[in-house]
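A short worksheet on the structure shown next.
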Protein chains: 2
Amino acid sequence: MPGARQNIAAVSNEAPRQQFKSFLERKGLRVTSQRLAILDASFGQHEHFTAEQLLAQARRIDDSVSRATVYRTLPIMTESGILREVDIGTGEKFYRRAANNQSQMAQVVCLDCDRIFEISAPFMDWYGSTVSAKLGLTPVSQRLQVSAHCNAFRDTGACRHRAR
Amino acid sequence: MPGARQNIAAVSNEAPRQQFKSFLERKGLRVTSQRLAILDASFGQHEHFTAEQLLAQARRIDDSVSRATVYRTLPIMTESGILREVDIGTGEKFYRRAANNQSQMAQVVCLDCDRIFEISAPFMDWYGSTVSAKLGLTPVSQRLQVSAHCNAFRDTGACRHRAR
DNA sequence: CTGCCTGCAAACTCTTTGCACGAAT
DNA sequence: ATTCGTGCAAAGAGTTTGCAGGCAG
């Protein structure tokens, strides 16, 4: 029953869509077709995606969307809690859908296939608070990242995580 | 006795200088006056410094040093163990002298005064190994960074860590 | 001598911004 | 009717690179 499937998908996107609209209204920002197209585009992305990838998808929904608007909308989506920014120091920023329950995530980055694994690391909160307190600071956020090589890649020249 | 002082300074720089020269020779790289000027310039830096700051100091020692050579030399100095790269996701990379004993350091970055505090965090090694093993990976490095606000800045509008 | 290293300037990547037009409220 | 948002293209920051000449080994 293809119709049912479509409905499920539509409904599952409805919550974040409402969340985003509410956020915009609360902030006195306008609900524009471009912002909604970019929001919807984020649903069709890999776990981690770049601004450029998001732009491509957004243009499939509304081909008038510009790169500038994507860059202007990403911080809004991040602040609204729809997305989370993941900076692994490679020059370009990655984004991913934010799950409500996962607050503190560490990343393991495979240097062979560039894949990013997300690992729950709740102790980061405690660490950030403890260390900040000693310095007279109030923690805002923390990030923990591990860079690693694929054993499979080292042994066979191919990486089993390559498929994305 | 000013002469003695000078000697102490000269001697204290001699070890890393030799370390660097040995590294270059071992790698079949040439010992050039520019590379040595950049090395020496790193001794006169703040705890954390940028490529641009290093260039300015290097030019005081040898005014022919170019920006390109600084950028080409920084990875060599990092690989040789003289410097450590600190990327806090602000667009520009920071570097600092690497101490032999401190393997795993976390950073606390003050968002008000941009100061970077280095904190020993030996558990990072354990964490990286544990988490990587579960994914079939071999850890290469890990970084842990806390972003925070100054309590003093929040309360008084001035940051007591501002002095650098 | 050979070829790595250098300075210069242009290129590059990702992101931000000034401007005049267009659309949401 | 007001503003705020938008697309476009240019600017921006930090870093890298192609090239012709220079110096280390």
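Computation of the quantities below employed the complete heavy-atom set of this structure, encompassing side-chain atoms and omitting hydrogens, waters and symmetry-equivalent molecules. Note that the coordinates shown come from a computational prediction; the quantities given were computed from them, not determined experimentally. By convention in this document, chain letters (A, B, ...) are assigned in the order of the sequence lines, proteins followed by strands, and residues within each chain are numbered from 1.
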Inset, instruction - May I ask you to decide if A:G136's main-chain N or O and B:N151's side chain share a donor-acceptor pair within less than 3.5 Å? - result: yes

Legend entry - Heavy-atom closest contact (B:A41 atom, B:I61 atom, distance): N-CD1, 3.6 Å

Inset, instruction - Select from A:V31 and B:S66 the residue whose nearest nucleotide in DNA chain C is closer to the 5' end of that strand. - result: B:S66

Inset, instruction - Check whether any side-chain heavy atom of A:I116 lies under 4.5 Å from a side-chain heavy atom of A:V108, and answer yes or no. - result: no

Inset, instruction - Quick one: label A:S64 by what it contacts on the DNA or RNA (base, sugar-phosphate, nothing), any heavy atom closer than 4.0 Å. - result: sugar-phosphate

Legend entry - A:D112 to A:C150 - nearest heavy-atom pair and separation: OD2-N, 2.7 Å

Legend entry - Integer-rounded Å distance: D:dG22 P and B:R30 CZ: 15 Å

Inset, instruction - Could you tell me the separation between the CG atom of A:L55 and the C1' atom of D:dT6, rounded to a whole number of Å? - result: 14 Å

Inset, instruction - Name the nucleic acid region contacted by A:R72, choosing base, sugar-phosphate or nothing; use a 4.0 angstrom heavy-atom cut-off, strictly under. - result: base

Inset, instruction - Please state whether the phosphate of D:dT16, meaning OP1 or OP2, lies under 4.0 angstrom from any side-chain nitrogen or oxygen of B:Y71. - result: no

Legend entry - Side-chain touch A:M77/A:F20, heavy atoms, less than 4.5 angstrom: yes

Inset, instruction - May I have the distance from A:K27 (atom NZ) to D:dC4 (atom P), rounded to whole angstrom? - result: 15 Å

Inset, instruction - Write down the distance between CD (B:Q34) and P (D:dG22), rounded to a whole number of angstrom. - result: 13 Å

Inset, instruction - In whole angstrom, give the distance that lies between atom CG of B:L24 and atom C1' of D:dA24. - result: 12 Å

Legend entry - For atom NZ of A:K93 and atom C1' of D:dG14, their distance in whole Å: 14 Å

Inset, instruction - Measure from CG on B:L29 to P on D:dG25 and round the result to the nearest Å. - result: 11 Å

Legend entry - Contact interval (first through last nucleotide) of DNA chain C with protein chain B, 4.0 Å heavy-atom: C:dG3 to C:dC8

Inset, instruction - Take the protein atom CG of A:D63 and the nucleotide atom P of D:dG7, then report the distance between them rounded to whole Å. - result: 10 Å

Legend entry - Closest-nucleotide ordering on DNA chain D, the 5'-leading residue of B:T32 and B:G91: B:G91

Inset, instruction - Evaluate the side-chain proximity of B:F123 to B:Q104: yes if any heavy-atom separation is below 4.5 Å, no if none is. - result: no

Inset, instruction - With sequence neighbours left out, write down each residue that passes ring-ring contact (aromatic ring centres under 6.0 Å, His included) with B:Y71, or none if nothing qualifies. - result: none

